[in-house]
Amino acid sequence: MPQSAMSPLPKRPYRPPAPWPVCTPQSSLQIIAALRENPITSWGIWHFEREIFSASTILGHLTFASAPAAIKHVLSDNVANYPKDPLQLKVLKPGLNDGLVTSQGDLWKRTRRTVAPLFTPRAINDYTAAMRRRAEDMAIRLDALPEGARVNVFDEMTRVTFEILAETIFTDAIETGPEAYGEALTRYFGSQGRMSALDMLRLPDWIPRPRRAQASPTIDFFADEVRRIVDKRNRLKASGGKLPRDILTLLLEAADSETGETLSQEEVGANIITFIGAGHETNTNALSWTLFLLAKHPHMREAVEAEIEPIDQWPENEWLNRLPLTRAVIEESLRLYPPAPIMSRTALEADKIGEHHVPAGSLVIIAPYVVHRHRKLWAEPDLFRPERFLPGAREAINRYAFMPFGAGPRLCIGQHFAMHEAVIILATMLRRLRFSMAKGESVTPLHQVTLRPMPKLEMIKSSRSPP
Ligand code: HEM
């Protein structure tokens, strides 16, 4: 039959960029190389198919837990047996010290109680006007650019999420701009944030790790920043100025209601850096990936544009609940590209997870990146299908099958902050602007602590008719 008489071949659905899982087990050298360069390239097809299994590897005894019941067991039901593991802490602690992400035990409990008032629904309500204003300023600025201008979307998202964080939980106490922090984080992720082969082989700490030296200017930058931020607040206090009820006041004045203990200067500093880092880098990635996915799925972008039409008539703090499709698009983007793609714990004592034996000391890997694309948990796991998060469908998703914010007592404290912020920024931008990829350009996910679009996310901007 001539080609022209045939019905057109069904168009293959677009698969957003992600490394194909490897099909055969790799050598130790290949695994070390993959873990150093981009750990998500090391996942094998079996990780996306098996629910729980163990393996003896160069990293020691590993348990991969991807079944929701197993994840619940580790992160919630038997959480006391599974503290954060030394390998993860080696990557994060030099920068974050004993901040909320990396501390354990009583210090973690005390710090979490101290900062909790900043993340209540009422507190977040108070932040939404600032979120809207900052997002609107950015949208107006980008709208003024010539049609077809190239915009570094990742940098823009860094800037707006940083400004929001600085204005809300830090009440403008940070004077250094987002660019300097952005560069510092990139440097840190590219040095200390990459797993060292020597650490993987568990060689002693006295053997120098060249990449650690590369991280030291960033660590010095963080220390200087903490000094500047705390000095500014102390000057305000000394001058009798009214102290805002923000993260600095809470940290500096924290006296534990049960023990009366305060946080040390080092602990205060560690939390300042922790909240600056965790509070904007994650959502920068989430928003960047969302804009990329919408550019690749114009029908979905048009549906979102239709949904956000009436936003000006609603208070910002209602948007998250009034925009189910916009929210679903963000959640689907968090599923495909979870900004924190891996979580890990160590088993203190031997344990059983279902029928599976976990020996003491096993490193337990729970990887949202894998769980979110698991063949047994999701239909068309690699495709962008926001409908799965719409009301009516979402209820069927197991709580432990979708966990971009983690789960259990160590659940992300900024989860609601992040979701309000993401919806407000996205809706505000899409009201005025449209973004597309330049012909032939794409990005790939790079896993270095977070999951960033690489090489950079430059998009073509066009204006929609003004609202
Ligand atoms: C899309 C945005 C975000 C994502 C995907 C995300 C993801 C996560 C995940 C997975 C964890 C748990 C890690 C583990 O259990 O090992 C976590 C913890 C944490 N997140 Fe987030 N996060 C986001 C936004 C934020 C924001 C906006 C803040 C602060 C303003 C924040 C602050 C923290 C802190 C302090 C912790 C440690 C909590 C604890 O251990 O008690 N995050 N985040």
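Counting begins at 1 with the first residue of the sequence. One-based numbering, in listed order, for ligands and for the atoms of each.
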Practice item. Report yes if some N/O of Trp108 lies less than 3.5 Å from some N/O of ligand 1; otherwise report no. Key: yes
In terms of atom number and element, which parts of ligand 1 are under 4.0 angstrom from non-hydrogen atoms of [X]?
{"X": "Ala418", "result": "2 (C), 24 (C)"}
{"X": "Phe417", "result": "27 (C)"}
{"X": "Ile413", "result": "34 (C), 35 (C)"}
{"X": "Gly406", "result": "10 (C)"}
{"X": "Pro339", "result": "5 (C)"}

Return the residue, atom name and 0.1 Å-rounded distance of the protein heavy atom closest to [atom].
{"atom": "atom 29 (C) of ligand 1", "value": "Gly279 CA, 3.6 Å"}
{"atom": "atom 40 (O) of ligand 1", "value": "Arg410 NE, 2.7 Å"}
{"atom": "atom 5 (C) of ligand 1", "value": "Pro404 O, 3.4 Å"}
{"atom": "atom 1 (C) of ligand 1", "value": "Asn283 OD1, 3.3 Å"}
{"atom": "atom 32 (C) of ligand 1", "value": "Ala278 CB, 3.7 Å"}
{"atom": "atom 23 (C) of ligand 1", "value": "Thr282 OG1, 3.3 Å"}
{"atom": "atom 37 (C) of ligand 1", "value": "Val101 CG2, 3.6 Å"}
{"atom": "atom 22 (N) of ligand 1", "value": "Cys412 SG, 3.1 Å"}

Check your understanding: Between CZ of Arg452 and NE2 of His447, what distance do you get to the nearest 0.5 Å?
Key -> 12.0 Å
**Study point:** Basic-acidic side-chain contact under 4.0 Å: Arg335, Glu332
**Key:** yes
Review point. Do NZ/NE/NH1/NH2 and the carboxylate oxygens of Arg432 and Glu136 come within less than 4.0 Å?
Key: yes
**Study point:** Best match, Phe405, Tyr127, Phe275, Tyr337: closest heavy atom to atom 9 (C) of ligand 1
**Key:** Phe405
Check your understanding: Relative to atom 15 (O) of ligand 1, which among Met403, Gln415, His420, Arg345 owns the nearest non-hydrogen atom?
Key -> Arg345
Exercise for review: Could you tell me whether a side-chain N or O of Gln88 sits under 3.5 Å from a main-chain N or O of Ser344, the two making a donor and an acceptor?
Suggested key: yes
Give me the ring orientation class for [X] and [Y]: parallel if the planes are under 30° apart, tilted from 30 to 60°, perpendicular past 60°.
{"X": "His47", "Y": "Phe53", "value": "tilted"}
{"X": "Phe389", "Y": "Phe402", "value": "tilted"}
{"X": "Tyr181", "Y": "Phe162", "value": "tilted"}

Point to revise | Arg301 NZ/CZ over Phe292 ring centroid, <6.0 Å and within 45° of normal | key: no
Review point. What part of Arg112, side chain, backbone, both or neither, has a heavy atom within less than 4.0 angstrom of ligand 1?
Key: side chain
Review point. So which heavy atom on Thr274 is nearest to which on Ala270, and how close?
Key: OG1-O, 2.8 Å
Check your understanding: Any side-chain heavy-atom pair from Asn317 and Ile124 closer than 4.5 angstrom?
Key -> no
Review point. Does some side-chain heavy atom of Pro339 sit less than 4.5 Å from a side-chain heavy atom of Asn283?
Key: no
